[in-house]
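Presented below is the structure to which this report refers.
Note that these values count all heavy atoms, side chains included, but never hydrogens, waters or copies made by symmetry. Just so we're clear, the structure is a prediction, and the values are computed from it rather than from any experiment.
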Amino acid sequence: MKKTMSSFLILLMLLLYVIPAVQGADYGVSASVNGSTVELSGSGAGGTGQVTLVILRESDGARVHIDQTAADGNGSYAFRTVLDGGDYQAVVSTGEEIFLSPVFQVQAGGSGGDGGNDGGGDGGSGDNDSDSDSNGDSGGVTAAPSAPAAPAAPQKPAEPQAPAKPGEPAAAAPAFGDLEPVASWAGPAIRSLGAKGIVNGVSEGSFAPLKEVTRAEYLAMLLRAYGKVDLEAQASFSDVSPRDWHYSVVASAVAQGLVEGVGDNRFEPDRSITREEMSLMTARLLTAIGGKKAVQAEEVLRVFKDRESIAPYAAEAVALLVQEGIVNGMTEDTFEPKGMANRAQAAVILARLLGLAS
C-alpha cells in the first residue's frame with residue numbers, strides 16, 4: 001500500500017522521539033544560521049545518493065520546509081533555505097539512515113521565502129537574453145496551512161528575504177565557479193536568486209547552468225518563488241506517487257490551475273521541460289497573480305519565423321511572456337519552442353518575475 005506524503009512526514013516527526021535515544025548527542029546534520037538564512041550539511045549518504053530534508057518547527061512540530069538533493073561522490077550534501085524566526089530541528093533521510101540536526105534558532109525579522117537545492121543534466125544553449133535561475137530542481141517548498149475547500153489562486157508574496165536588520169550581516173550569495181558560459185545573460189539572475197535563498201547549486205561552488213530542467217523541477221522553482229505549497233494537496237496522475245519529492249508541488253499546482261497532465265492520466269514529472277511548456281506554466285502564474293493577458297498575440301509572435309511550431313495551447317503564453325519582457329528568443333527571429341530549457345534560462349525567468357534581474 002502506498003504511503004501518503006503526510007504519513008511519511010508524520011513518521012519522520014515520530015522519529016524525533018526515537019532517534020535521540022539511539023544517537024544521543026551524536027547529531028548527523030550540522031546547522032549554520034546567518035540571520036534568516038540557514039545552511040544544513042552532512043555526509044554519509046549512500047545508496048542512490050538522494051537526500052531528503054524535512055525542517056520541523058519546535059513549538060508545534062509543524063513541517064515548514066521539505067527539500068531533496070543529490071549527495072556528491074563522497075556522500076556529502078548541503079541545503080540552504082530562509083526561515084522565519086523561531087526554533088527548528090532538521091530531519092535528513094539518506095534512504096538508508098535518518099539523521100537529526102541540533103535544535104537551532106533563527107532570529108525574527110527575516111521573511112518566510114525559502115530556498116532549496118536545485119540539483120541539476122547538461123542542457124541546451126542559453127536564452128538569447130543580453131541582460132539579466134538532483135538530477136533536477138528537487139527544490140525545497142514551504143509548507144502552507146491546510147488548503148481551503150476551493151482552490152485559491154496563488155498570491156504574490158513579499159520578496160523572499162527581507163533586508164538584514166541593522167547590525168545583522170546580509171546573507172552572502174553563493175559563489176558559483178561555473179557561470180562563465182552564461183555570465184553575460186544569466187549571471188546576475190543566478191546570483192540574485194542565490195542570495196535570496198531561492199536557488200542553490202548542485203554541489204559546493206557549482207550551479208550547472210546548462211543542465212536541463214525537468215517539468216517537476218521548474219514547477220517547484222515557480223512555487224518556491226511565488227506560491228504556497230499545500231502538503232496535503234492530492235494528485236491522481238499515474239506517474240506521480242505520494243512518495244515522490246515533487247508530489248505536493250504537482251498537486252498544489254494542479255489545484256491552483258497552473259498545470260494539467262500530458263494525457264493518459266500522466267504528468268511526466270521527470271521529463272525535461274520544453275521552452276513552450278515553461279512559458280505556459282509561467283504565464284498561467286503571471287495571469288493568476290497579476291491578471292496579465294497577451295495583447296495582439298499574433299503580432300507579438302510575428303518576429304519569430306518558427307512561430308508556427310509553437311503549440312496552439314502555448315502560443316498566447318509565449319506571446320504574454322515576450323510582451324512582458326520575461327522571455328526572448330533563442331535568436332533574434334527564432335523561439336525554438338520544442339527546445340529543452342536549462343537551469344540558467346529558468347533563473348532568468350524567475351528573476352524577471354520577481355524583479356530581481358539587473
Side-chain angles (χ1 to χ4, degrees), residues 5 9 50-55 63-70 79-82 112-121 123 133-144 154 157 160 189-190 193-194 196-202 207-208 211-235 237 239-261 267-274 277-282 284-285 288-289 340-351 353-354:
M5 178 67 78
L9 293 176
Q50 290 296 309
V51 182
T52 301
L53 166 74
V54 178
I55 297 179
R63 308 180 301 271
V64 299
H65 181 78
I66 60 174
D67 200 354
Q68 188 179 65
T69 190
F79 296 91
R80 184 172 184 269
T81 189
V82 178
D114 98 297
N117 274 57
D118 313 318
D133 165 329
S134 324
N135 188 17
D137 178 306
S138 314
V141 292
T142 301
I190 294 169
L193 294 174
K196 295 289 181 182
I198 296 174
V199 300
N200 286 338
V202 299
F207 184 76
K211 192 167 188 175
E212 292 179 1
V213 181
T214 69
R215 285 165 52 81
E217 290 166 358
Y218 183 66
L219 194 55
M221 296 169 78
L222 270 182
L223 292 185
R224 184 162 67 248
Y226 264 90
K228 296 289 187 179
V229 175
D230 176 14
L231 295 180
E232 305 303 324
Q234 297 183 351
F237 296 115
D239 56 354
V240 178
S241 166
R243 287 172 288 195
D244 294 333
W245 70 266
H246 50 255
Y247 178 81
S248 293
V249 170
V250 174
S252 297
V254 170
Q256 296 176 26
L258 301 182
V259 296
E260 300 170 355
F267 185 75
E268 297 186 355
D270 299 321
R271 173 172 59 76
S272 295
I273 194 169
T274 65
E277 288 175 330
M278 177 180 281
S279 297
L280 182 60
M281 292 181 187
T282 308
R284 283 176 172 171
L285 180 61
I289 63 177
M340 301 304 172
N342 58 45
R343 287 166 51 80
Q345 294 169 342
V348 170
I349 290 177
L350 287 176
L353 281 172
L354 291 168

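In this structure, L353 and L222 have side chains that are in contact, with non-hydrogen atoms separated by less than 4.5 Å. In this structure, R284 and E260 have side chains that are in contact, with non-hydrogen atoms separated by less than 4.5 Å. Side-chain contact check for F267 versus V254: every heavy-atom pair is 4.5 Å or farther apart. Within the 4.5 Å cutoff, the side chain of I273 has heavy atoms near those of the M281 side chain. Looking at M340 and T274, their side chains come closer than 4.5 Å, going by heavy atoms from C-beta outward. Proximity of D239 to D270: side-chain heavy atoms (C-beta onward) are nowhere separated by under 4.5 Å.
The nearest pair of heavy atoms linking L350 to A225 is CD2-CB, 4.3 Å. The two residues M278 and A341 make their nearest non-hydrogen contact at CE-CB, 3.3 Å. Of all heavy-atom pairs spanning S252 and L223, the tightest one is CB-CD1, 4.3 Å. The heavy-atom pair separating V259 from V250 by the smallest distance is CG2-O, 4.3 Å. Nearest heavy-atom pair across Q234 and Y247 is CA-OH, 3.3 Å. Between A351 and A189, the shortest heavy-atom distance links the atoms CB-CB, 3.6 Å.
A distance-only check finds a donor-acceptor pair linking the side chain of R80 to the backbone of G194 [under 3.5 Å]. Formation of a donor-acceptor pair under 3.5 Å by the N342 side chain with backbone atoms of A344 is found in this model.
Note that CG of L280 and CG of L285 are 11.5 Å apart. Values are rounded to the nearest 0.5 Å. Taking CD1 from I349 and CG from L354, the interatomic distance works out to 12.0 Å, rounded to the nearest 0.5 Å.
The list of salt bridge (Lys or Arg N to Asp or Glu O under 4.0 Å) pairs with a residue in residues 245-258, not counting sequence neighbours, is empty.
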From CA spacing to verdict: side chain to side chain contact (heavy atoms under 4.5 Å, CB included), E277, R271: CA-CA 11 Å; E277 288 175 330; R271 173 172 59 76; 2.8 Å; yes

